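See below for the structure under consideration.
Fair warning: this is a prediction, and the values are worked out from it, not measured in the lab. Proteins get letters first, then strands, A, B, ... in listed order; numbering begins at 1 in each.
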Amino acid sequence: EGLHVGNLFAFTGNDIYGRFQRLQGHTVFEPFGFDAFGIHSENYAIKVGMHPGELIPRNIDNFRRQVQRSGLMVDWRRELSTTDPSYYKWTQWVFLQLYKQGLAYKKAAAVNWCPFDKTVLANEQVIGGACERCGTLVEQRFLEQWFFRITDYAGRLLANLDGLDWSEATKTAQRNWIGKSEGAQIVFVVQDVMEFAGSATVSAGLSGEVSVTPTEVRVFTTRADTIFGATYLVLSPEHPLVDSITSDEQREEVQQFVAASARQDLVSRKTSKKKSGVFTGAYATNPATGEPIPIWIADYVLMEYGTGAIMAVPGHDERDHEFALAYDLPIVRVIAGEGHATDTPVGDEAFTETVGCRLVNSGRFNGLTVSEGMTAIVTELGAHHAAIPVVNYRLHDWCISRQRYWGPPIPIVYCDMCGPVPVPEDQLPVLLPDLEDFRPDDSGVSPLARATEWYHTTCPVCAGPARRETDVSDTFLDSAWYFLRYPSTDRDDVPFDPAMMKKWLPVHSYIGGNEHAVLHLLYARFVTMVLHDAGFVDFDEPFVRFRAHGMIVRDGAKMSKSKGNVVNPDEYINEWGADAFRTYLMFLGPYEEGGDFQSKGISGVKRFLDRLWRSVTDARTDGEREPEVQRKLHQTIKKVGEDIPRLSYNTAVAAMMEYMNTMRSGERTPHIDEVRPLVQMVSPFAPHIAEELWSVMGNATSVFESGWPAYDPALVVENTVTMAVQVNGKTRGTISAPKTVAEDEAIALAMAVPAIAKFVTGPPKKVIFVPGRMLNMVV
RNA sequence: GCGAGAGUGGCGAAACUGGCAGACGCACCAGACUUAGGAUCUGGCGCCGCAAGGCUUAGGGGUUCGAGUCCCCUCUCUCGCACCA
């Protein structure tokens, strides 16, 4: 509908940085765009009963009006809109580049399905088991979906983070999301059930022969050192081997369990505290001990991580321990800490410590430390082809299919003769057909399937009958490359104009919300890397510098329509003006932390700007210029010039207010030369007023062409300072002294102050003297 | 549970490497000027106390001549992830 103060807070901080860079003499490109594809916009259109194709342009007009009146230094010639065919043509082109690189593929997968929005969601869009958009609990569905192989880039996405000038919290969030974990894949050979039942001896293990049987279970572990304590295996209920290894006696029970867990939605499965499982009737050989161990199925093992199977070490893993207790499975100690003997029972809780611990009950590996044991065991098992070191990532491939209407159609055609065929680039865009009823249904198929004329097409290869892909792509794909397009919006023949690309990219300063830490920013980095590897862009990281701005709350609470505490920027701009509103937003708290919006607070900033106005209109052009005012001016220029680049906008405003107070103290009328630099300093915050005052002062060109005022380092330093004087570490008074005062002079000055001298009861035993700062006498 | 961040006056907040805690602003109090206004200007404003002085940065301990800042413990709040083997 329109702007939220949070948007304006983000934009203003960005704009101040841009305007400051311009004052510094740089050429600044500050573009603006609209990203109105996606479920959010479509749901809103459904809610108000309009077609998004009509509604969105109208709302964009409103947004643009609000942005323009808030005074952003935007180059509107470069405006773009992701819903415009001239833009999504290239979104489809990006898809095709990934397809060509083998990075886009279709597979049937258990996916997150939102029953309200009736679409698939990416893992990143599921928050605590619920749909990020509508809050409905997400279900599991098995559907054919398009994926991007972002996991191929996991290592690089992680490694590159170290070199980026980004907010540390954002980098940490990405690291955690990628979730690198180093361990090993270990092979457990499944024993033939009949054979095992018939023979007591099974030869296997490190010391014997590895039996050759057709079935093996691969597990991922980060604790290969504990393998001697692996007393059972657990498969996820969806594991492909479940059916083939289950014994006849256990079949019914297993099938019931699997069916029950399939019905269960992801949330209750992932959040249920109690672990449940069932025995398959099958056994596998522990490759370290050579002993047979039972294979179980349990809901606490997730198919989507690792191999979907684990070796359970109940002695040293909390979850396995809990499960072993519930089902009476053996618990063995293989790691001993201080005070533990080989046969010390594990006890009520799993022993998960590793530091200073040694292996026990682990054959020839006894006595090794945890990390030594890990390496030695993986090496040894590796020699028997039973283990390999593996790096696992928590990150999943990016599911980009959406069974919805309002998005760019995925440019693929299905031909009975040729199979899936990418739409040739010269036939892009695949236009989104105009559908009267665009609402999604529960079929799992996009509404686009109902656009029969559009749906039936011809194969680009053989010209035979073919059908179009009916899924549209995730809206995060639209925003994963938009910054690359801005400099080239005038080019319809290529996605990127090479010269403009070179001039403006990568993005030097990017400011966004924390909500983008793992979604948008990770996807944008991935797409940039892919386009870089394909030779289209010459950098592989899109954003040189990223800073996350904070959140604006109101009276200590998050703004929401239901609480009725939402700030409508239009109201405040109408009442106070865009400049006061902008400056107040920057003043209310540290930019990277956000702050509390208090309606009354604006008046202070308004007073400051009014005083600036009067300072110009009333300024004198002759008379004295006091050195104190001069010094304060130069100090302020220095401080504001240092604060803005580090986004310390609140202290920059405070510094300018201080200078104003100095300049006008005691009803003093400022000299015009004292006011002029202040107008320049204020201009990034309050561009309209500054521009007008600049003109009133007789300048023919823009204040933003005037350059940032210079300060004289010699004038910044105070030559007389106020020093704190402490006696026994307690401050007892101050002295005024030259900056370069010597210790004995300072003491003499201090002793002349009765309030200080009365605490000095004898000759000082010790004197700490920090020149120009403080004096401490210990008596 | 794990990860990230935060706790400073009545309120929003400053204090960049340990050196006068509370800059700047809101609110409040007193005063000036008033063609009475949501204007402007001056002064005051952490807490206790008449004062001298004492106390004070969530709480407790420590290092130091000196701690909001460094170290250890505890508590509270916000956000993110959540059976990741």
Side-chain angles (χ1 to χ4, degrees), chain A residues 127-129 167-173 175-177 179 181 183 219-223 226 234 269-275 298-302 304-313 317-320 322-323 392-396 514-515 517-518 550-551 553 555-556 558 575 584 587-590 592-593 595-608 610-611 614 639 642-643 646 648 650-658 660-661 664-667 722-734 755 758 764-770 772-778:
Chain A
I127 309 298
S167 308
E168 235 7 85
T170 309
K171 292 208 267 185
T172 306
R175 283 191 192 103
N176 292 343
W177 191 263
S181 140
V219 305
F220 173 73
T221 180
T222 54
R223 292 296 305 277
T226 62
V234 189
R269 172 155 168 208
K270 287 193 173 182
T271 52
S272 72
K273 295 253 158 50
K274 201 150 161 45
K275 295 180 174 39
D299 52 9
Y300 78 96
V301 175
L302 309 173
E304 67 257 27
Y305 186 76
T307 59
I310 61 153
M311 63 174 210
V313 184
D317 181 277
E318 283 170 28
R319 297 151 302 179
D320 298 342
E322 190 191 323
F323 191 77
N392 226 334
Y393 293 98
R394 213 189 78 124
L395 185 68
H396 291 34
N514 284 309
E515 70 274 17
V518 287
M551 193 172 61
V553 297
D555 307 320
K558 205 171 167 172
E575 188 173 356
Y584 174 62
F587 183 61
L588 57 70
E592 291 177 74
E593 286 168 38
D596 200 15
F597 187 95
Q598 298 182 330
S599 312
K600 283 178 179 169
I602 303 181
S603 58
V605 168
K606 175 69 161 50
R607 272 196 272 268
F608 167 69
D610 286 346
R611 298 220 290 168
R614 289 197 302 274
K639 174 151 179 64
E642 285 166 357
D643 281 353
R646 57 186 185 98
S648 188
N650 55 334
T651 55
V653 174
M656 291 189 283
M657 287 173 165
E658 272 190 70
M660 176 76 78
N661 292 343
R664 296 177 67 92
S665 74
E667 301 189 60
T722 306
M723 285 175 63
V725 179
Q726 300 183 338
V727 179
N728 292 338
K730 279 194 193 299
T731 303
R732 296 299 180 183
T734 59
K758 73 179 192 186
K765 286 191 284 239
K766 190 174 178 183
V767 174
I768 291 101
F769 178 67
V770 183
R773 300 208 92 145
M774 55 82 62
L775 171 72
N776 186 9
M777 289 175 281
V778 183

For this session: Produce a footprint string for nucleotides 22-28 of chain B: one letter per nucleotide, 5' end first; B if the base is under 4.0 Å from any protein heavy atom, S if only the sugar-phosphate is, - if neither.
Result: -BBSSS-
Problem set entry | Check ion pair A/Asp610-A/Arg614 (N to O, under 4.0 angstrom) | no
Exercise. Quick one: which of B/A85, B/U42, B/A21 gets closest to the side chain of A/Val301?
Worked result: B/A85
List every contact pair, protein side and nucleotides 51-53 of chain B side both N or O, where the distance is under 3.5 Å.
unit_1, atom_1, unit_2, atom_2, d
B/A52, O3', A/Lys758, NZ, 3.2
B/G53, OP1, A/Lys758, NZ, 2.6

Problem set entry | Pair of N/O donor and acceptor under 3.5 Å linking B/G38 base with A/Glu575 side chain | yes
For this session: Using whole Å, report how far NZ of A/Lys275 lies from P of B/A85.
Result: 14 Å
Exercise. Nearest to the side chain of A/Pro590 - B/A85, B/C65, B/A13?
Worked result: B/A13
Problem set entry | Whole angstrom value for the distance that separates C1' of B/C2 from CZ of A/Arg175 | 17 Å
Exercise. Quick check: are there more than 12 heavy atoms from other residues, nucleotides or ligands sitting under 6.0 Å from NZ of A/Lys171?
Worked result: yes
Please enumerate all protein N or O atoms sitting under 3.5 Å from an N or O of nucleotides 3-7 of chain B, with distances to 0.1 Å.
unit_1, atom_1, unit_2, atom_2, d
B/G3, O2', A/Asn176, ND2, 2.9

Seminar exercise, completed: Sequence neighbours excluded, the answer for ring pair (Phe, Tyr, Trp, His ring centres under 6.0 Å) partners of A/Phe323 is A/Tyr232, A/Trp296, A/Tyr300, A/Tyr327
Problem set entry | Nearest-Å distance for atom pair NZ/C1', residues A/Lys766 and B/C65 | 5 Å
Seminar exercise, completed: In RNA chain B, consecutive runs of at least three Watson-Crick or G-U pairs below 3.5 Å, as range with range, amount to B:1-7 with B:75-81, B:10-12 with B:24-26, B:28-32 with B:40-44, B:46-48 with B:53-55, B:58-62 with B:70-74
Problem set entry | P atoms of B/G12 and B/G7, separation to the nearest Å | 12 Å
Exercise. Which atom pair, heavy atoms only, marks the closest approach of A/Met657 to A/Gly604?
Worked result: CE-O, 4.2 Å
For this session: Please state how far atom CD1 in A/Ile768 lies from atom P in B/C65, giving the value in whole angstrom units.
Result: 7 Å
Exercise. What residues, two or more places apart in sequence or in another chain, satisfy side chain to side chain contact (heavy atoms under 4.5 Å, CB included) together with A/Met774?
Worked result: A/Ala724, A/Gln726, A/Val770, A/Asn776
Exercise. Counting side-chain heavy atoms from C-beta on, which of B/C65, B/G12, B/G19 comes nearest to A/Val778?
Worked result: B/C65
Exercise. Atom CZ of A/Arg773 to atom C1' of B/C16: distance rounded to whole Å?
Worked result: 11 Å
